[in-house]
Protein chains: 2
Amino acid sequence: MNEHKNVIDKNSPKPLYSQIADWFREKIISKEWSKNHQLPAEEDLAKQLEVSRGTLRKAISSLIKEGILIQIQGKGTFVAEPKVSHPFGQELISFAESMEREGIQFETKVLEKRLIHPNASIQKKFSLIEDQTVLYLKRVRYIDQEPVILLENYIQVNLCPGIELVEFERIPLFTAIENYSKRKIKSGIRQFEARGLEEEQSALLSLPIGAPVLYIDQITYLDESIPVEVSQVWLRSDKYSMASYLHRD
Amino acid sequence: MNEHKNVIDKNSPKPLYSQIADWFREKIISKEWSKNHQLPAEEDLAKQLEVSRGTLRKAISSLIKEGILIQIQGKGTFVAEPKVSHPFGQELISFAESMEREGIQFETKVLEKRLIHPNASIQKKFSLIEDQTVLYLKRVRYIDQEPVILLENYIQVNLCPGIELVEFERIPLFTAIENYSKRKIKSGIRQFEARGLEEEQSALLSLPIGAPVLYIDQITYLDESIPVEVSQVWLRSDKYSMASYLHRD
DNA sequence: GAGTGGTCTAGACCACTAG
DNA sequence: TAGTGGTCTAGACCACTCT
């Protein structure tokens, strides 16, 4: 009768809508549901999954924001055609998480990792009043042996004690922050600019000085608008351009 | 008893949650609710507005995505501190709409407006098979007499007949598309890159050749994933950088 | 008319925060 | 313990699409 029962665990602390969304993503990534596939009607699907229609709709809604599903009133719910790579719908995911989700192979090289006193600009972003130390991280990401992303991160160590010991070659920064702070990352702001490469950066990204790159300034927050991480990212947009799905209410 | 009754019109075709969201925006923009102001509890507010808590939460949720409100479990709902300018939360709004909402004065100069046969790259984005004509628009936007944005738009005229007569100096493109197509714009995709200016563009934006600018490639869709407009935008990110609020579920 | 998604309701219980 | 948001339910009715 109920072939999907096993995928939903009502006793898990993870919300049902989130479990359902994960299950949809799997179906779609595995091509079990390929593009333009029509999903069962909401009412039927809700019955099969033994959840209310509202819960199901919350799951669908998050995938619409990611650009993975589309809904047309009177017709149905369909798997969207993939339009672009590297989408960052509304969901705050790190570059590493994004690449992993897309199945892109990459390597991370840690150039620097040390505790520093941040300059005034970083302090301001953290709303720091006292002169506290933060963990400074400088990394380059390679795809197919080519350098594509240069990242500088500043992490509030007092919010995640012990994080300075993490091997950031393998562990995604967001994972480490959530583990060591024992809290969840809640939101973030990304600001997009275009910049010409300076000498030091140009060597690291194998591009000439002055070459235009996407520059992203990011602040990541825990609950209650507590800033936990500030980063500056230089991105070769010839190799990895970023895209956003937008919707009009 | 009920001081807010007048703001919600249950007979309007506009959904209640959307009316409530507009009402919140007004309260916040007018500073009646200033930053860090705590909103009444959801249950109380729902009673005052004579709507269900679910409807109220849907309105709040859209403002959270825009970065205007934050919610903290156990504490309450608060007006967020403005963090950046030019946010494009989840909402698909045009550059003109965005600037208007922020109260930025700008001027638009139309450099070209004519029907053309688009090249292969544009045709592909429209998924056009036949060789149809589209309306080509080339505009520059000035803020404080300085050129800041260069826009090239390609509009499917057969979806919005008559749109070629619009005075685009005054009328926002999205408004014109919705009026002439008699349909609503539903979604869009923006792809961000960094590019160096070419000669012609550099003259229009008053920047040297090769200067890095934000390049945004956008496709706008009506219902059912019908592409109605394709645009290429060059943006002086020293004058107008774009920011996105992101949230983690 | 039958089938779909879009909106809305009125509850219920849980998780978290603070005094 | 009281107050807050977070999740979930089981319905209802409406708007739209297709035949």
Side-chain angles (χ1 to χ4, degrees), chain A residues 8-22 36-65 69-80 182-184 186-187 222-226 247-249, chain B residues 8-22 36-65 69-80 182-184 186-187 222-226 247-249:
Chain A
I8 307 295
D9 175 6
K10 298 218 177 188
N11 296 317
S12 160
K14 186 162 191 167
L16 295 183
Y17 67 81
S18 175
Q19 295 183 44
I20 295 170
D22 287 346
N36 299 323
H37 173 80
Q38 178 167 12
L39 275 63
E42 291 183 347
E43 207 173 346
D44 298 343
L45 203 43
K47 271 196 188 111
Q48 282 177 27
L49 293 166
E50 295 178 330
V51 298
S52 72
R53 199 181 147 211
T55 300
L56 172 62
R57 274 181 69 78
K58 189 154 181 180
I60 291 174
S61 148
S62 69
L63 297 183
I64 288 174
K65 280 169 205 143
L69 293 180
I70 61 172
Q71 276 191 313
I72 305 172
Q73 188 173 47
K75 290 179 130 179
T77 306
F78 304 86
V79 176
K182 298 189 178 62
R183 307 178 65 166
K184 289 287 181 188
K186 191 70 176 293
S187 64
L222 301 174
D223 248 343
E224 311 192 27
S225 297
I226 299 173
H247 296 269
R248 210 164 162 92
D249 295 321
Chain B
I8 306 296
D9 175 6
K10 297 219 177 188
N11 296 316
S12 159
K14 187 161 191 168
L16 294 182
Y17 66 83
S18 175
Q19 295 182 45
I20 296 170
D22 288 346
N36 298 323
H37 173 80
Q38 178 167 10
L39 275 64
E42 292 183 347
E43 208 173 346
D44 299 341
L45 202 43
K47 269 193 189 113
Q48 281 177 27
L49 294 167
E50 296 179 329
V51 298
S52 72
R53 198 182 148 210
T55 300
L56 172 62
R57 275 181 67 78
K58 189 155 181 180
I60 291 174
S61 148
S62 69
L63 297 182
I64 288 174
K65 280 169 206 141
L69 293 180
I70 61 171
Q71 277 191 313
I72 305 171
Q73 187 173 46
K75 290 180 125 177
T77 306
F78 304 85
V79 176
K182 299 188 178 62
R183 307 179 65 166
K184 289 287 180 187
K186 192 69 176 294
S187 65
L222 301 174
D223 249 343
E224 310 192 28
S225 297
I226 299 173
H247 296 269
R248 209 164 163 92
D249 296 320

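Labels below follow one simple rule: chain letters A, B, ... track the order of the sequence lines, proteins then strands, and each chain is numbered from 1.
Here the options are Glu42(A), Glu43(A), Gln48(A), the test is side-chain contact (heavy atoms from CB on, under 4.5 Å), and the partner is Leu56(A); only Glu42(A) passes.
Two residues, Ala41(A) and Arg183(A), neighbour DNA chain C, and the one matched to the more 5' nucleotide by heavy-atom proximity is Ala41(A). Mapping Val51(A) and Lys186(A) onto DNA chain D by nearest heavy atom places Lys186(A) at the nucleotide closer to the 5' end.
For DNA chain C, runs of at least 3 consecutive pairs of the Watson-Crick or G-U wobble type, with both hydrogen-bonding distances under 3.5 angstrom, map to C:1-18 with D:1-18.
Residues satisfying the salt bridge (Lys or Arg N to Asp or Glu O under 4.0 Å) test with Arg183(B), not counting sequence neighbours, are none. Under the side chain to side chain contact (heavy atoms under 4.5 Å, CB included) criterion, Lys75(B) pairs with Glu224(A), Ile72(B), Phe78(B), sequence neighbours left out. Qualifying salt bridge (Lys or Arg N to Asp or Glu O under 4.0 Å) partners for Lys58(A), counting only residues two or more places apart in sequence or in other chains: none. Every side-chain hydrogen bond (donor to acceptor under 3.5 Å, both in side chains) that Thr55(B) has, sequence neighbours left out, goes to Ser52(B). Under the salt bridge (Lys or Arg N to Asp or Glu O under 4.0 Å) criterion, Lys182(B) pairs with no residue, sequence neighbours left out. With sequence neighbours left out, the side chain to side chain contact (heavy atoms under 4.5 Å, CB included) criterion links Pro15(B) to Tyr17(B), Ser18(B). Residues meeting the side-chain hydrogen bond (donor to acceptor under 3.5 Å, both in side chains) test with Gln19(A), sequence neighbours left out: none.
Taking every nucleotide of DNA chain D with any atom under 4.0 Å from a non-hydrogen atom of chain B, the first and last of them, 5' to 3', are dG3(D) to dT7(D).
Other residues, nucleotides and ligands place more than 12 heavy atoms under 6.0 Å from the CD atom of Gln38(A).
Residue pairs meeting the salt bridge (charged side-chain N to carboxylate O under 4.0 Å, His left out) criterion with at least one member in residues 11-20 of chain B, sequence neighbours excluded, are Lys14(B)-Asp22(B).
Annotation: proximity of residues 69-78 of chain B to DNA chain C (heavy atom, distance under 4.0 Å) is found for Gln73(B), Gly74(B), Lys75(B), numbered in ascending order.
Lys10(A) comes within contact range of the sugar-phosphate backbone alone, with a heavy-atom separation under 4.0 Å but no base atom that close.
As a whole-Å value, the separation of Glu42(A) CD from dG3(C) C1' is 12 Å.
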